[in-house]
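Comments concern the structure below.
Numbered from 1 within each chain, the chains take letters A, B, ... in sequence-line order. Note that the structure is predicted; figures quoted are calculated from it, not measured.
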There are 2 protein chains.
Amino acid sequence: MSGISDVARMAGVSKSTASRALTGGGYVSEATRQRVLEAARHIGYVASTNAASLVTGRTKNVGVIIPFVNRWYFGEVLEGVEDALLACDYDLTLYNVRPGTPSRSRIFEHFLARKRFDGVITIGLDPSPDELDRLLSLDRPVVSLGAQYDGVSSVAIDDVAVSRLATEHLIGLGHTRIVHIGGERSADLTGTVHGRRLRGYLDAMTDAGLGAETLHVPSEMTLPGGYAAGVQVVSNLRSRPTAISAASDEVAVGAIVAARRTGVQVPAELSIVGVDGHEYAEMFSLTTVEQSPREQGVAVVELLMDALGGRQESTTALLHPTRLVVRSTTARPRT
Amino acid sequence: MSGISDVARMAGVSKSTASRALTGGGYVSEATRQRVLEAARHIGYVASTNAASLVTGRTKNVGVIIPFVNRWYFGEVLEGVEDALLACDYDLTLYNVRPGTPSRSRIFEHFLARKRFDGVITIGLDPSPDELDRLLSLDRPVVSLGAQYDGVSSVAIDDVAVSRLATEHLIGLGHTRIVHIGGERSADLTGTVHGRRLRGYLDAMTDAGLGAETLHVPSEMTLPGGYAAGVQVVSNLRSRPTAISAASDEVAVGAIVAARRTGVQVPAELSIVGVDGHEYAEMFSLTTVEQSPREQGVAVVELLMDALGGRQESTTALLHPTRLVVRSTTARPRT
DNA sequence: GTGAAAGCGCTAACAG
DNA sequence: CTGTTAGCGCTTTCAC
C-alpha cells in the first residue's frame, strides 16, 4: 500500500513534485521526472484513483446503461465499448436496466445518483420521461447509441433506411407477399428502433405499390420472439407469404428455425432478410444488412471522449455510417 | 452539489451527527435521525462514495472479470451477478478479458492495480500463473465461478458428472456410436471446463464398455464452433455416429443446425445432448442438462459477500447444486 | 523548477 | 447522545 509520499521520499522530492511528474501537469525538470518515475516503478506505485477523484472531480470511469446484456446486438456493442474505453484508460461500470424490472428503477433512482463516473453511455435505451430527467440532471455528459433525445449527443443508425433497404431487396427479387416481423402492435413509428424499422418496411411497400399487401406480425426482438412469430406466419397456409422482412437478425434467425421445423425451406421457398450483420447469418443462410455493432460501440465512446474533452455544446446527433452490405443468398419467389 | 455539511446545517447538527444518522453507525436519537434524513431528502443529498471510500477503504464496488460477454452462458451469468450485486448496493465494474487480446494483459497489469473494488469475481477464468499472482496480490477477496485455484473461494459445477450424465443418457437410449464435440485436442482433463466435460464423456463410455468407440471432435465452445464440428461429423458418412454429446448447449445447437443443413433429422436420426439449460433448447429440440447460469451468478455473489463480511479464511470450494434435468426429446437409435 | 500548505467530502476516534 | 478534531491520499495554488 505505498502512497505518493513514499515515491516522493524515495526520489528525494516533495509530494507535489512527485505528483506533477506522475500526472504530467506543471513544470518538472526532465531529470527529476525520470527519478520519480523510476521510484514509482520500483515500489510498484499506483495512484489511488479515489483520492485523485476527490480533488479533481474526474473519476476515469464511465457508466454504461444497457437494457440487455444477453442479446447479440447488445453484447456485441458492450464488448466494443469496453475495448474503446480501456484504450482511453477508463473503467466501465455496468448498469443493466432490463425494462420492467425493479432493479431498473433502483438504478435510475439510486445508483446513478452516486455519480461515480465522468460520463454516461446509454445503449438502445428507451427511457421514460422521468428516467430521462434523472439522466440529464446528473450534470455529466451523456451520449447515446441508437436513440435520440434532446440534450444528448448520439450515434444513430438510420433504422428506417436500413429496414427499407432490406424490404426493397425482397421486392427487387419479385416478392409481393412480404410480411414484417418485429416490434409491438401499436408502436409509434419514430421513437423506438423496432418502430422505425417497421416504418421502413411500410415505406418500401407503399412506394412499390404494395401498400395493400402490408402485414405486420409483432414479436419480441429476440430469437425466441422471432421463432414464435415465425411459427404463426408459416403455419397459416392461406396467408403464407413468400418472404419475410425481419426487424433484426435474431428475429430473422428465429423465423428461419420456425420455418424449417415446419418443413419450409429457407431461402428456397421462403426468403428472409434481417438487419444487424449477425455473425450467425452465414450458418442460417440469412440475408442481412450489416451494421457492425462493435464499431457502433467504438463510435459512441469517441463521441463521449469529445464531450469529456470540453466540447460541451455538441448535442448534435451524428449518423453512424451504415454499411449496406446485403449477403446475396436470398431467392426469387417461385412462380 | 450539496454536501453533508449542508445537510448538517439544515438539520441544525454537526457533520458527524449527520454522518452517523445517514450511515447508521453510532448513537443518534431517533428525533435527530429523522430530522437529518428529512433534510437530506429535502436537498436530494447523495453521499460521495469517493470521499467515503477514501476514509473507510471500502468502495461499494466489485470487479467482475469475464472472458466473454457475448456467449450465452457468460451473458446469463453476468446478468445474474449484476442483479445480485445491486441488491447488496454494490456497483459492478466490468473487466472483459478475452483470451489473447492486448486488453487482457492491460487489465491485469494496469486496471486491476487501481483496486477500485472491495472484491473480485472471476467467471470461468482460466488465468495464467502470472495473472493468478496479480489477482491474489490484490489483497482483496477473490471468488471464482467455474474454476478453482488455491486461495480462492469458488462456486463450481461438477463438469465431469454433468457431462457423464449427458453421455449416459445417450447410452441408456441404446446408442453406441457416440461422439463428443467440444474442447481442445490435447486439453488436460482437469484444469478447464471443456477438459472436464470431455472427461465425463470418456468416463461414461469406458464404464459402459464403449471405450474403444470413443471419438472426440474438438471445437470452440460457441455456436459457430459446434456448427463447424457438426458439419465435419455429419458429412463423414462412414463414421457417422448415431448420437452426439456436446460440451455445451451452444455447441449442441451449432451441431443441430449443421445436421439439418445436411438433411439429417434431429433427433430422429441423430440424437444430440448438451449441457447448460440454454433457453433456446426447446426451439432446437435440444436435450440438455440444466445448470441455470443465472443462479450460479447469484451464488457467487453470495460467496463474495461472505468473504467481504469478515469470513476471510473461507478458501473452500463450494459445489453448486446441479439440477440434473434432462428434457426428454432425444430419440433411440434406429435399429 | 520545486516545496509548503490548503483542502476535496467524508468518517472515526475522542471528549464532553 | 452530540460536537470537535484529525486525517484518508492526492492535486493544486502560491510563494520561493
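- Here the P atom of nucleotide dA4(C) and the CD1 atom of Ile4(A) are 14 Å apart, to the nearest Å.
- Geometric assessment of Arg71(A) against the ring of Tyr73(A) yields a negative cation-pi assignment under the 6.0 Å and 45° thresholds.
- A side chain to side chain contact (heavy atoms under 4.5 Å, CB included) with Val64(B) is found for one member of Val120(B), Leu78(B), Leu145(B), Thr93(B) and no other, namely Leu78(B).
- For Thr17(B), a side-chain nitrogen or oxygen approaches OP1 or OP2 of dG3(D) to under 4.0 Å.
- Under the side chain to side chain contact (heavy atoms under 4.5 Å, CB included) test applied with Thr122(B), the options Val300(B), Ile65(B), Val152(B) reduce to a single match, Ile65(B).
- For Ser14(A) and Thr17(A), the side-chain atoms include at least one donor-acceptor pair closer than 3.5 Å.
- Regarding Arg35(A), its CZ atom lies at a distance of 8 Å from the P atom of dT2(C), rounded to whole Å.
- Contact of Arg20(A) with dG3(C) (side chain to base): a donor-acceptor pair of N or O atoms is detected under 3.5 Å.
- In the displayed structure, His42(B) atom NE2 is contacted under 6.0 Å by at most 12 heavy atoms of other residues, nucleotides or ligands.
- No side-chain N or O of Tyr90(B) forms a donor-acceptor pair with one of Glu82(B) less than 3.5 Å apart.
- If you check the side chains of Glu38(B) and Gln34(B), you find no donor sitting under 3.5 Å from an acceptor.
- Rounded to whole Å, the distance from CZ on Arg116(B) to P on dC8(D) is 21 Å.
- Nucleotide dC10(D) holds its P atom 12 Å from the NZ atom of Lys115(B), rounded to whole Å.
- One atom, CZ of Arg114(A), and another, P of dC10(C), lie 14 Å apart when rounded to the nearest Å.
- Distances shown here put a side-chain N or O of Ser29(A) below 4.0 Å from the OP1 or OP2 atom of dT2(C).
- Residue-level contact check: Thr23(A) touches the backbone only, with heavy atoms under 4.0 Å from sugar-phosphate atoms and none from bases.
- If you check distances only, the side chain of Ser16(B) does reach the base of dT4(D) with a donor-acceptor pair under 3.5 Å.
- Put simply, Ser14(B) has a side-chain N or O that comes within less than 4.0 Å of OP1 or OP2 on dG3(D).
- One finds a side-chain N or O of Thr32(A) lying less than 4.0 angstrom from the OP1 or OP2 phosphate oxygen of dT2(C).
- Side-chain N/O atoms of Tyr27(A) include none lying less than 4.0 angstrom from OP1 or OP2 on dT12(D).
- Closest-nucleotide positions on DNA chain D for Ser19(A) and Val13(B) were compared, and the one nearer the 5' end corresponds to Val13(B).
- To the nearest angstrom, P of dT11(D) lies 7 Å from CG of Leu22(A).
- DNA chain D forms stems at C:1-11 with D:6-16, C:13-16 with D:1-4, each a run of 3 or more consecutive Watson-Crick or G-U wobble pairs whose two key distances fall under 3.5 Å.
- When the P atom of dA6(D) is taken as reference, atom NZ of Lys15(B) falls 13 Å away, rounded to whole Å.
- Residue Leu54(B) contributes atom CG, which lies 9 Å from atom P of dC10(D) at whole-angstrom precision.
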